[in-house]
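Comments concern the structure below.
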2 protein chains.
Amino acid sequence: MSDVADRAGVSLSTVSRALRGAPGVAPEVRERVQRAAAELSYVVSRNASGLVTGATGRVAVLVPFLQPWFFGVALAGIGTRLRQADLDMLVYQVGDMRGVEEYLGELPLRRNVDAVIALSLDLDEREIAVLDEVGVPVVFVSQRIPERASVFIDNAAAARSATRHLLNLGHTSIAFVQSADSTGFEWSSAERVNGYREAMAEAGVRPQVLVGESGPRGGALAAGELLSRAEPPTAIFAESDDVAMGVLRVLQRSGLAVPEVMSVLGFDNHDMAELLDLSTVAQPVSEMGAVAARLAVEAVADPAAVPHVELATNLLVRGSTAGPRAASRLVGGNE
Amino acid sequence: MSDVADRAGVSLSTVSRALRGAPGVAPEVRERVQRAAAELSYVVSRNASGLVTGATGRVAVLVPFLQPWFFGVALAGIGTRLRQADLDMLVYQVGDMRGVEEYLGELPLRRNVDAVIALSLDLDEREIAVLDEVGVPVVFVSQRIPERASVFIDNAAAARSATRHLLNLGHTSIAFVQSADSTGFEWSSAERVNGYREAMAEAGVRPQVLVGESGPRGGALAAGELLSRAEPPTAIFAESDDVAMGVLRVLQRSGLAVPEVMSVLGFDNHDMAELLDLSTVAQPVSEMGAVAARLAVEAVADPAAVPHVELATNLLVRGSTAGPRAASRLVGGNE
DNA sequence: CTGTTAGCGCTTTCAC
DNA sequence: GTGAAAGCGCTAACAG
């Protein structure tokens, strides 16, 4: 930095002010300093400036896993937005939610980040308390917490209207496939099931909820179970597209036509959903990330604000949902 | 820190040494200091210590995109390994490779990270030069560069033996679907095509290479093109599972049985490959990440070393590949 | 084995 | 509008 000062013929303080965009520097001087810095390809050390300002220029993103489609997309949204604010993104994979509390305590967040984004973590009160210890603002994504900055969708409402779509098509036997991993249900999962139950109750139809493993494997197992019933349903609403894909796969292998024999509905609008022609509830994952990043930036400026942002979902009706026995009708044609 | 010193009844230097695990501290004193630190829930500021040691405790991971399956898995491998070394992972999404050079120059890597991992970036010489400007060790993943630390698989050899699998099954008309995005071929893509060509040449069979878009969409388009030929091939080798999935989808929609009418082979062992019963070449993505992280850690200690680590691939033969016209034979049964 | 001292590279009063 | 000086929280010689 003193090299730059020498080259521009000014003092250290002036260089600092000029490069930081601080007021009180003659335009002509500022430009001279910037030129000198560029020529020496000098950039201020965030580390050093942070030491005195207290800011780190970094935001931590906590994710349970990194592999699923959802997280990649959300991270992309977050990263892009943070970059605009000239903030770096630190990613921590919390892993299977056992011992999170301890893990969170170990994490070097203390004086290492300006804010934390908890991505789809479903933390309980004690875990949140551990995060609070860090002393920086926390933004929750996909988990709605009172008195906390968070961004989310209305899972219940989305599931409700998606279920109605199936009911309106004429289905009267609709199964819901819910999944839980070793650590229990996710918050969004519970909400979606509720939405489904509400719509079914409104229509006076008996709900059928299956609980199984998560992911395609869980969907495949659930489909097997449903198909071996005395009276299989005519539609399956899967908690997520992942699960729906497992269902689709089993149906395909069994030679059961979708949607003629069985309608399948997913949730998420996964990457592959369009290719599979899967009807689904789309949630704006990338945008959720971007909003979360924005909230994090704002929270740094004003830690007192606890904005709640709800994002809209869209039911995407594709080829995997239709009225029950649409095919038989078409083929039989004698009603 | 001085609070800790007071509480433990020692000087600042002793606290620093004790907490850092530096030698020359009485065991009894060390424990006392650690206890004091714990009671005050004090952790040393990386920022401040970095200011004097020069180390940042951070590694930057540069990825072109975040969404594809590959990057999530690789990032998980990297992150886990870095955490073991008590290093933080900074993730930068470089985006569409246009203007990377400039983007890399803008990135706040300068005195902000101890090492850089370039994940599947396919940088050219000038872009690498920009990275070198940063002055920290760089580890390349999925790109093999002389005189550079890198971790990779032998794409050509893997593609060669996968092609031989198809040849050995009796196929004599095997198409390869290659994909390129707007910025051109990836390095691994070129290598895989080469492996395919070599195996075909060895067998004296004419190669058929299709170049199209990337991803499932590219696969779908390529499949359409192949199926509309006067003499469609009996097997399709897709550059990646992504592409293969597009191919599978088109075949399924067209009512063409896999593998009876058409064998399909992928590359990567994508998440969904098992569910789709897709034969493929598995590459150890998570392990590549872990190794890259290890190399990065080692490179920090010894920047002169430029280890090259080659990881093994495995051909996973599943249900999507079989001899040509296996079904006709079975059905016709009159040979 | 432990304490003292001088910075690491920057920002920030406070004078001028 | 600009400069001098005093730290931010820590480590690294150097004494003791």
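In what follows, chains carry the letters A, B, and so on, assigned in the order in which the sequence lines appear, proteins first and then strands, with residues in each chain numbered from 1.
A salt bridge does not link B/R58 with A/D88: every distance from a Lys NZ or Arg NE/NH1/NH2 to an Asp or Glu carboxylate oxygen is 4.0 Å or more. A/D132 and A/R148 are joined by a salt bridge, as a carboxylate oxygen and a charged side-chain nitrogen come within less than 4.0 angstrom of each other. With respect to the salt-bridge test (charged N to carboxylate O, under 4.0 angstrom), the residues B/R46 and B/D86 qualify.
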Query raised in the report: How does protein contact run along nucleotides 8-16 of chain D, one letter per nucleotide 5' to 3', with B for base contact, S for sugar-phosphate only, - for none, heavy atoms under 4.0 Å?
Result: BBBBBB---
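Annotation: B/E31, atom CD; neighbour count of heavy atoms from other residues, nucleotides and ligands within 6.0 Å does not exceed 12. Within 6.0 Å of CD on A/E310 lie more than 12 heavy atoms contributed by other residues, nucleotides or ligands.
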**Report entry** Test side-chain hydrogen bond (donor to acceptor under 3.5 Å, both in side chains) applied to B/N155 and B/S188, step by step
**Finding:** CA-CA 6 Å; B/N155 280 288; B/S188 55; 4.9 Å; no
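Although no hydrogens or angles enter the test, the distance criterion places no donor-acceptor pair under 3.5 Å between the side chain of A/S2 and the main chain of A/A5.
Remark on the helix from C/dC1-D/dG16 to C/dC16-D/dG1: inter-end axis angle 30°, axes from five-pair C1' superpositions, rounded to 10°.
Summarising the geometry, the separation between CG on B/D6 and C1' on C/dG3 is reported as 14 Å, rounded to the nearest angstrom. One interatomic measurement links the two molecules: CZ of A/R32 to P of D/dG1, which rounds to 15 Å at whole-angstrom precision.
Just one of A/V59, A/V113, A/V116, A/L107 meets the side-chain contact (heavy atoms from CB on, under 4.5 Å) condition when paired with A/L90; it is A/V113.
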